[in-house]
Amino acid sequence: MPTEMECELKSDKVPIVITPSDERISRLSRLFEDEFGHNPSFYVRVPGRVNIIGEHIDYCGYPVLPMALEQDILVAASLIQEPAIYLRNANSKYKSFNTKITTYEDIKITPDGDGKPFWYNYVLCGIKGALEHLENNTENGLQLYIDGNIPPASGLSSSSALVSAACLSFLYAQNVSMSKTEIASLCAKSERYIGTQGGGMDQAIAFLAEKYCAQYITFQPLQATSVSLPEDAVFVVAHSLAEANKAATNDFNRRVIECRLAAQILLTLHGIPTDKKIITLSEAHNKIGKSLEEMIQLVHTYLPKDIYTKDEVCTILKIGEKELENLYLTANTKDINEFKLKQRALHVYEEALRVDEFRNICNQSSGNGKVNGTNGHTTNGVVSKNETLAILGKLMLKSHESLKNLYECSHTNLDRIVEISQKLGVHSRLTGAGWGGCVVALCPKNLLENYIDILKEEFYDKHCNIDKCDAHLYVFATTPNHGAIIYKN
Ligand code: GLA
């Protein structure tokens, strides 16, 4: 007989199970009670994620392959009969925050003096999205106590977990029932209130993740299919110690709009009208009706230059500068005058091919331990387990090189970890948005101890002056976890 937990996890709704006895939950409950004078009425847990492959392509409409982490955002919550939010954090570094929440239009999300979002802005994004979904039809609010253990600004999706946990808490407290895919889409939309045009991967895996497998996530419609990962390898996450806060600069949105402009130009020069709508690179691909490999050729044909000025883009699209800004650019990219369209589009189409190849190899290898190779990687049509890991690893490495050279979102520390890993025979890549944050490495199980040890020595100790004994905070092996869950009393 499956347990209550197992049944709930299989449901298409966010699982609701009895609160387990757990040290962390008890501690949070005590903090909540000390602060608000009563027990929380429920808890919400939303995991962080590591993306195995498929970087910067979700907002172009292409599938990605992430898995959920054990690290999460845990929230203790109670409904209150007052349109207000009372927000506390178990980490005293994050200051308390209270606000009225009469309508979603009134919730303003403004950055601090350095242009970085305040921590509570992510919670406000989730509440704003939930209120919008409810069409402001509530007089109630929430008391929230948060305890997170996903390293912040590390590319492991701590912000999306916070947005999603806030949105889910608010909706559950109001008895709103939604499917996992509906709430994931709502949370993706809500997070855009922070100012970045993310694609929805982080929120999708936060809700759709399953234990022990990664998910192949497709968009429009949002769907997740489990992918079994090779049994003889482990995914290791290593922090580069360079902070990556994608909402603090326009680097992320710049890539998003470069992809939009590339898609407009590809379609226009191919003679297909775009009706001045925002088109993703995958929509351009579908409308043109060619293979991904042929799209790569078309990029070389239609976008041969390394740099396109705003004027040049306007001339090709036959529109004025103001119109270009209003139609395709975001508030923080309107002043950009030069765009790298070829490089970004090439990364996207090539990465989309890599995701499919990675998934096929995983699927075939999980069947019988032997895989029929694809794309010329075969040895008499059959690939051994070792070769499977080598192929997957090479795909990850190519992904990293492309992110470094074509997408320009790496960081010297990330590159250094990738290089050290490669010398040890472990392939890795940056994960998440980049510009810092973490590397994910595909490490054969028999190399694990040695690999982590050498990273501690070569990167954390020698390069970052971090004592080997403290480095476990920054480099760890991880197994795929399940998605968001609600604990009731
Ligand atoms: C961030 C965004 C995601 C995705 C990744 C890059 O995490 O939130 O939607 O675009 O960057 O793959």
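As the structure lists them, so they are numbered: ligands from 1, and atoms in each ligand from 1. For reference, positions follow the sequence shown, starting with 1.
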Trainee: Kindly print each ligand 1 N/O atom paired with any protein N/O atom under 3.5 angstrom away, one pair per line, or none if nothing qualifies.
Mentor:
from: ligand 1; atom 1: 7 (O); to: R49; atom 2: NH2; distance (Å): 3.0
from: ligand 1; atom 1: 7 (O); to: D202; atom 2: OD2; distance (Å): 2.9
from: ligand 1; atom 1: 8 (O); to: D202; atom 2: OD2; distance (Å): 2.7
from: ligand 1; atom 1: 9 (O); to: D58; atom 2: OD2; distance (Å): 2.5
from: ligand 1; atom 1: 9 (O); to: G199; atom 2: N; distance (Å): 2.9
from: ligand 1; atom 1: 10 (O); to: D58; atom 2: OD1; distance (Å): 2.7
from: ligand 1; atom 1: 12 (O); to: E55; atom 2: OE2; distance (Å): 2.6
from: ligand 1; atom 1: 12 (O); to: H56; atom 2: N; distance (Å): 2.7

Trainee: Y474: what forms a side-chain hydrogen bond (donor to acceptor under 3.5 Å, both in side chains) with it, not counting sequence neighbours?
Mentor: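 Not a single residue meets the side-chain hydrogen bond (donor to acceptor under 3.5 Å, both in side chains) criterion with Y474.
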Trainee: Just checking, is any N or O donor in the side chain of Q297 or Y302 under 3.5 Å from an acceptor N or O on the other one?
Mentor: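 No - no donor-acceptor pair under 3.5 Å links their side chains.
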Trainee: With a 3.5 Å distance limit and no angle check, can you tell me whether N413 reaches the backbone of S240 through a side-chain donor-acceptor pair?
Mentor: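 The answer is yes, because a donor-acceptor pair under 3.5 Å joins these two groups.
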Trainee: Kindly assign one of parallel, tilted or perpendicular to the pair F252 and Y59, based on the angle between their ring planes and the thresholds 30° and 60°.
Mentor: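 F252 and Y59: perpendicular rings.
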Trainee: Check the side chains of T309 and E338 for a donor-acceptor pair under 3.5 angstrom, ignoring hydrogens and angles.
Mentor: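 No pair is found: no donor N or O on one side chain lies under 3.5 Å from an acceptor on the other.
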Trainee: Determine whether Y172 and F42 satisfy the following criterion, ring-ring contact (aromatic ring centres under 6.0 Å, His included), listing intermediate values before the conclusion.
Mentor: CA-CA 9 Å; Y172 176 67; F42 65 96; 4.8 Å; yes
